[in-house]
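Have a look at the structure below, then the notes.
Every value quoted in this text rests on a predicted model; they were computed, and no experiment measured them.
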Amino acid sequence: MRRLKHVAAAAGLGLLCACVAPVGPVEVTRFHVPGAAQLGQGTIAVEAAPGEDGQSLELRTYAAAVSRELARIGYAEMVAGSASSQQVALVSVDRRVWRQGRDAGPVSVGVGGNAGSYGSGVGVGIGVNLSGPPPEQIETRLSVTIRERGTGQTLWEGRASFTVKATAPLASSSLGAARMAEALFRDFPGRSGETILVK
């Protein structure tokens, strides 16, 4: 009985791990000014990029994830909108839902025939696709631009994109934001102009 409980507990833990496992890599592209010594140090404020709703729960979730990564790489974070910060990180998020199309319909019909010296024959084959429509996918794009506060010069830009099934745990902002921000700032500042897949 005790052995059965241990097996059940292990199975439950395995299912839990499978639920939160990453689904697919994050595509990351970064650009930065060569030799920008001020990157990764000094004070920085995380703000919504122009055109973004800084009060939306989704953007605030991603901004918080970006803030954690900036602190990890050496920045001292200041309150958003603080004019005294040396740099500013502008955050934008774009999410879209799509469903992969099919080239063919759910039913296909094939007809084959042959003729020879000993007679002829005709065969008809019908294939029915019962798999149903493809699952919805959610594509998320996170963009961050780091600028000098005083001059407005762009020091660093990064974009990360990530696609998962709409039913996957990482489709939620709370889990996906941390995953994407971590990938975006891995090995900061990264190689300028290079696109990488972070697994």
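- Distance check, rounded to the nearest 0.5 Å: OG of S161 to CE of M180 gives 6.0 Å.
- Considering only heavy atoms from C-beta on, T43 comes within 4.5 Å of S85 through its side chain.
- Tracing side-chain contacts under 4.5 Å through hydrophobic residues (I, L, V, M, F, W, Y), one never reaches M78 starting from Y75; they form parts of separate clusters.
- With sequence neighbours excluded, no residue forms a side-chain hydrogen bond (donor to acceptor under 3.5 Å, both in side chains) with S56.
- Applying the 6.0 Å contact sphere to CD of E194 captures more than 12 heavy atoms from other residues, nucleotides or ligands.
- The side-chain hydrogen bond (donor to acceptor under 3.5 Å, both in side chains) check on Q41 picks up nothing, with sequence neighbours excluded.
- Members clustered with V33: none, using a 4.5 Å side-chain heavy-atom cutoff among hydrophobic residues.
- Every residue two or more places apart in sequence or in another chain was checked for a salt bridge (Lys or Arg N to Asp or Glu O under 4.0 Å) with E27, and none qualifies.
- Under a 3.5 Å cut-off, the side chain of R159 and the backbone N or O of V144 do not form any donor-acceptor pair.
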Would Q38 and L155 satisfy side-chain contact (heavy atoms from CB on, under 4.5 Å), going step by step from the backbone distance to the final call? CA-CA 9 Å; Q38 60 270 55; L155 302 175; 3.6 Å; yes
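- Going from atom CD of Q153 over to atom CD of E148 covers 5.0 Å, rounded to the nearest 0.5 Å.
- Residues satisfying the side chain to side chain contact (heavy atoms under 4.5 Å, CB included) criterion with S192, sequence neighbours excluded, are F31, H32.
- For the atom pair OG1 (T163) and CD (E139), the distance works out to 4.0 Å, reported to the nearest 0.5 Å.
- Between V28 and T195, the closest side-chain pair of non-hydrogen atoms is not below 4.5 Å.
- Between the CD atom in E136 and the CD1 atom in I138 there is a gap of 7.5 Å [rounded to 0.5 Å].
- The salt bridge (Lys or Arg N to Asp or Glu O under 4.0 Å) pairs that include a residue from residues 52-61 are E58-R95, where partners are two or more places apart or lie in different chains.
- Here the closest non-hydrogen pair linking L184 and G158 is CD1-C, 3.6 Å.
- Listed by chain and number, the hydrophobic cluster partners of L90 are V88, where partners are ILVMFWY side chains within reach of under 4.5 Å, directly or through others.
- The backbone N or O of R30 lies less than 3.5 Å from no partner atom in the side chain of W156, so there is not a single donor-acceptor pair.
- The OG1 atom of T140 sits 9.0 Å away from the CG atom of L142 when rounded to the nearest 0.5 Å.
- Partners of R147 by side-chain hydrogen bond (donor to acceptor under 3.5 Å, both in side chains), not counting sequence neighbours, listed by chain and number: T154.
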Enumerate, atom names and distances included, each donor-acceptor pair closer than 3.5 Å involving a side-chain atom of residues 63-73, sequence neighbours excluded.
residue : atom : partner : partner atom : Å
S67     : OG   : A63     : O            : 2.9
S67     : OG   : E77     : OE2          : 3.1
E69     : OE1  : R72     : NE           : 2.8
E69     : OE1  : R72     : NH2          : 2.9
R72     : NH2  : F185    : O            : 3.2

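- Checked against side-chain hydrogen bond (donor to acceptor under 3.5 Å, both in side chains), Y62 has no partners two or more places apart in sequence or in another chain.
- One distance of note links CD of E157 with OG of S143; it measures 8.5 Å at 0.5 Å rounding.
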